[in-house]
Structures are given as structure tokens and as C-alpha cells.
Enquirer: 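Okay, here's the structure, questions in a sec.
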2 protein chains.
Amino acid sequence: MQIRLLVVEDEQPIREMLKMVLSYQNMIIIEAETGNAALEILKTEPVDLMLLDWMLPDISGIEIAKRIKSNSNLSKIPVIMLTAKGEEDDKIRGLECGADDYVTKPFSPKELTARIKAVLRRVNPSKDDKEISFENIRLDPKSHAVTVSDQNVKLGPLEFKLLHFFLTHQNKVYSREQLLDNVWGTNVFVEERTVDVHIRRLRKAISVNGADQFIKTIRGAGYIFAS
Amino acid sequence: MQIRLLVVEDEQPIREMLKMVLSYQNMIIIEAETGNAALEILKTEPVDLMLLDWMLPDISGIEIAKRIKSNSNLSKIPVIMLTAKGEEDDKIRGLECGADDYVTKPFSPKELTARIKAVLRRVNPSKDDKEISFENIRLDPKSHAVTVSDQNVKLGPLEFKLLHFFLTHQNKVYSREQLLDNVWGTNVFVEERTVDVHIRRLRKAISVNGADQFIKTIRGAGYIFAS
DNA sequence: AAATACTGTAACAATTGTGTAACACGGGTA
DNA sequence: TACCCGTGTTACACAATTGTTACAGTATTT
């Protein structure tokens, strides 16, 4: 899944650097130069995590963090503070503003991405790895195992994700575009017809004897998983 | 249950901070300003976990960690190193002295408590020093001995930890990242591909005649230990 | 029925992931 | 010092997965 990252930083070169580093990690970067701009963005854009500079031209980073954490709507957005070297001592005192982690400049790309991922992991503890079964199909996310009529079935990563998606989203038609968004991930550029091919592969894999019973084609609309 | 925490740190403000943060988490804080003081305390007080500053006036943190880890009485006390930013590179090596994790200053309270709990969870499962056996593999954490089909097998420290982790976490896929977190320790910056190499080494070590039966690759997801 | 639009399918190409060996490096030790 | 050991990194080969395309087939419209 793509991570949407709001970077609040007034110095343009640092923003550039962050953008390069983080987009390379397949994250979506939303930029804000000032605290007010950041607060505006938060009103409209979904954000998974904030990188917040300590020193900003208008509202200080710590003030923004406080406001976010006291806004019940936003309080669950994790915040990583960027602090310059030497400001450290103040920062230790400021820890109570609710930031989830700190990174001091200069930082290595590896460290930054590691911390981002660590924070997201800490905040977002494992969600759905519960076994799902439906008719003769059983799928266990933990072990990545799929059985059809108790026969082990080998699926490629995408087929696995696709089946998982269908099992958790039954009885609703999904267009090729929606499937691309949900299974492939947003902003990947693949032909819609590619979906057909993977549907075909998945159908083949979960069919009992040449006949798949569950994935139905809705001509002109997309596909639906139903019994 | 109350956790008894020994904090070894010479700077008073940081000790204060730690005390506030950690006692808020319902932990009992025992303080030591110097390495010698810490070693004295360890002789008499029961301690569940140590927070050890890297730089101390007398004995260095790494030296203390080593002594503890080589003292059979104390070696099971987990140690978290506190390192100042910039000393990092050397510190990464510090994990090899036996520390279970390290945290760089400045750190957020959340991060610190999360790490403490993680380490305790990782170390504590009382079965931690119970012998584990599975099929033809036997592993004794106490003596660090591993046998495969009753043949002694020599494993490096990391391979040992990796095997131990797999034996205690079977039938679930772990990504390279998760394995790094759980086996190498959080926030060590190591390439993910390094995991592959160690998997390879471990596979080789526990294979009976060229064939490893248990560590399976789940393409695109990670590795799983299962029969 | 013909034309059109949409989907199924196979074959191929491109991309990506993994296994593996070789090497580099640092710490400890003889 | 030189050597050994454990670890991390990298490059390359190979294998698996995925994307694209063309064509065949089927439904829908005119």
C-alpha cells in the first residue's frame, strides 16, 4: 500500500532531498512550506504520516504537533519531528508535544525510511491476518496458503492478493480500474486488460475441474465474486 | 507485573527524564550514575532490564554489557544501549557486544517504552531458555547448542538467533523487514538482501543432505518455517 | 446479418525476485 | 603482525511472475 506522507519543511533543498529519497521508497509526498499550509492540507487530504520540521516560519513544529494531537480527527496521524543538530537539548524537553519519533538532521536516507516504517508499524499493529474461507476455498494470510477443496494451490503474489481482495469484497462488482487500485495499488500504470489476464489466471488456479464457479464477468462493468 | 529497570546514565537531566517517562509506565526505576555503581547494584538487586548509556565516566557501557553477558548469573538480563547521535556507526557494532537493542538520543518516550516492551517480550517468553525441538532439529538456548538428526551443528550467533526465531514462530510468513526487526534488532540498518544470505547459510547448516525441508520461500512475501 | 464492442486466451516479452558465490571489512586471537 | 571468523554487501545467473499484444470468440447494437 502506498504511504501518503506530508512533509512540512520550509527549506526547499531539504524538501527536494526528502522527496527524492522518499518517493524512491514508493511513498507519495505532499509538501507544505509553512505550518498554516500544512494545517490546510490536513483538512482536505488524507495523510498517513507527517514529517514535521521543528523550525518553521510561521507556526512552530511543536505547536503544530500539539494541535494535531489535540484534534480528535487527526490525533492518530503519527508525527516524526525533524530537528537540527544542536537543538537537541530543547527537544528532549519538548517530547511531550506528542511526536512519535525524532530524526536529527543530517540524517541518512536509510535511517529516515527505517524510522518512518517503524513508526507506522508501531502505530498500525497487524490488522487482518485472519484465515478466510468460503465454500471450498480457504486462504490463510499468515502462511500465505490457499487450498481449494483441501488441495494446496500455488498462487503468485498478485493472484494471491487478488483472491484475498475478492474474498474480502464479495457480492460487489468491481471495475478493472477499481481492481487495479485495490490490488495493484494506486498510481501504477498498467493496461486495464491486464486485469483480464490475471482474472483468467486466478480462475484457472481455483477452478475444480476446468470450471470456476465464483468469479463472474459483468460485461461492460467488471468482475464480481459471488457464489 | 512491575518491571524493575536499572538506568545507568551519568547525566542527571536525562535520568530525570527517563524516570518521569518510565515511572509513568508503571516501571520501577533504579538509578546508577556510573558503571561501577551499576555492577554493585546488580549484585544485590533483582533487575529485569538495563538501560545503559554508551558513555560513562568510569567503565564504558559496552564494557558493562560485555561483563554482564559473560556472567552466567546476569547474562539473561536484557540490555538496551543509549547512544548519542553521531556515535551511531560505532554503535551498530555495539549490538554484537550482546545488547538487545539500542536507542539514539534524543528519543521519544513512546519509542523508548515501545522498545523496552519489545525487548522484554522478545526475551521474556519464559520458554526462552527451554530446549526446543522440532522434527529432527534440537536447539538448546542455554548452551547455544544445535543438533540436526543428532549431529552437532555449528551456527554463528546470528544464524542461531534466526533459527531460534523460526522455531518459536512457525507457520507464519515473515518479510525480510520483519526478520531484521526480530532477529537483528530494531533500527539496525542492514540491507534486506542480507536476510537472504543468512537464510541461505542457515538452510545449508540445517539441511540433511543438501536439502532443507523447513525454511520455505514465499515469493514476494518473505520466508516461512513450516514442515 | 453485419458491424461493433467487449471478453477469453495463448504466446511472448519485460520485469522482478531469489539463490548463490565471492569479496570486503572489523574484531578478536594466536 | 597475520590470520580466522562472523557478518554485510554486491554482482551475476537463473527462475518466476507480471504485462502486453494479437487473435479468437461471444455478446450487443444497428
Side-chain angles (χ1 to χ4, degrees), chain A residues 24 26 108-110 114 144 146 153-163 165 173-177 179-180 183-185 187-207 210-212 215-224, chain B residues 60 62-63 65-66 69-70 88-99 144 146 153-163 173-177 179-180 183-185 187-207 210-212 215-224:
Chain A
Y24 183 73
N26 203 31
S108 76
K110 269 189 192 176
H144 258 237
V146 175
V153 168
K154 191 171 155 289
L155 295 182
L158 253 177
E159 284 140 61
F160 183 85
K161 276 166 102 177
L162 188 54
L163 177 58
F165 178 79
V173 181
Y174 289 93
S175 69
R176 293 172 174 74
E177 193 187 347
L179 289 171
L180 283 176
V183 178
W184 275 253
N187 95 349
V188 276
F189 177 62
V190 270
E191 295 294 326
E192 293 203 341
R193 288 308 304 283
T194 299
V195 174
D196 297 33
V197 178
H198 281 274
I199 291 282
R200 147 79 173 154
R201 287 166 181 163
L202 180 55
R203 275 175 167 158
K204 204 170 181 179
I206 66 172
S207 64
D212 156 50
I215 304 176
K216 282 150 187 138
T217 306
I218 307 298
R219 199 184 167 83
Y223 297 94
I224 185 174
Chain B
S60 83
I62 194 171
E63 180 59 30
K66 268 190 199 160
K69 291 298 179 182
S70 63
E88 256 185 32
D89 298 332
D90 320 81
K91 304 323 147 51
I92 296 180
R93 305 280 167 237
L95 286 174
E96 278 138 33
C97 75
H144 257 232
V146 174
V153 167
K154 190 170 157 289
L155 294 182
L158 254 177
E159 282 140 68
F160 183 86
K161 274 169 111 176
L162 187 55
L163 177 59
V173 180
Y174 290 92
S175 68
R176 293 170 174 73
E177 193 187 349
L179 290 171
L180 283 177
V183 178
W184 275 252
N187 107 353
V188 180
F189 308 122
V190 172
E191 293 295 324
E192 294 202 339
R193 289 299 255 102
T194 299
V195 175
D196 297 33
V197 178
H198 282 273
I199 290 281
R200 147 82 172 151
R201 288 166 181 163
L202 180 55
R203 274 177 168 160
K204 206 169 180 178
I206 66 172
S207 64
D212 157 49
I215 304 177
K216 283 155 187 131
T217 306
I218 307 297
R219 186 166 246 266
Y223 297 95
I224 186 174

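Atoms considered below: every heavy atom in the structure, side chains included; atoms not considered: hydrogens, waters and symmetry mates. Every value quoted in this text rests on a predicted model; they were computed, and no experiment measured them. Per chain, numbering begins at 1; letters A, B, ... match sequence-line order.
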Enquirer: Using heavy atoms to find the nearest nucleotide of DNA chain D for A:G156 and B:R201 separately, return the residue whose nucleotide is more 5′.
Expert: B:R201
Enquirer: Go nucleotide by nucleotide along DNA chain D from the 5' end; which of A:K154 and B:V195 gets its closest nucleotide reached first?
Expert: B:V195
Enquirer: At 4.0 Å (heavy atoms only), tell me whether B:I218 reaches a base, stays on the sugar-phosphate, or touches nothing.
Expert: sugar-phosphate
Enquirer: What is the distance, rounded to the nearest whole Å, between atom CG of A:L179 and atom P of C:dT7?
Expert: 12 Å
Enquirer: Please check the phosphate of C:dG8 (OP1 and OP2 only) for any side-chain N or O of A:R193 closer than 4.0 Å.
Expert: no
Enquirer: Could you check how far NE2 of B:H198 sits from P of D:dT9, rounded to whole Å?
Expert: 9 Å
Enquirer: Between P on C:dT7 and CZ on A:R203, what's the gap in Å once rounded to a whole number?
Expert: 11 Å
Enquirer: Is B:Y223 touching bases, backbone alone, or none of the nucleic acid, heavy atoms closer than 4.0 Å?
Expert: sugar-phosphate
Enquirer: For the side chain of A:R203 and the backbone of A:I215, is there at least one donor-acceptor N/O pair under 3.5 Å apart?
Expert: yes
Enquirer: Contact class for B:T217 vs. all strands (heavy atom < 4.0 Å): base, sugar-phosphate, or nothing?
Expert: sugar-phosphate
Enquirer: Establish, with yes or no, whether the OP1 or OP2 oxygen of D:dG19 is under 4.0 angstrom from a side-chain nitrogen or oxygen of A:W184.
Expert: yes
Enquirer: How many whole angstroms separate atom CD of B:E192 from atom P of C:dG17?
Expert: 11 Å
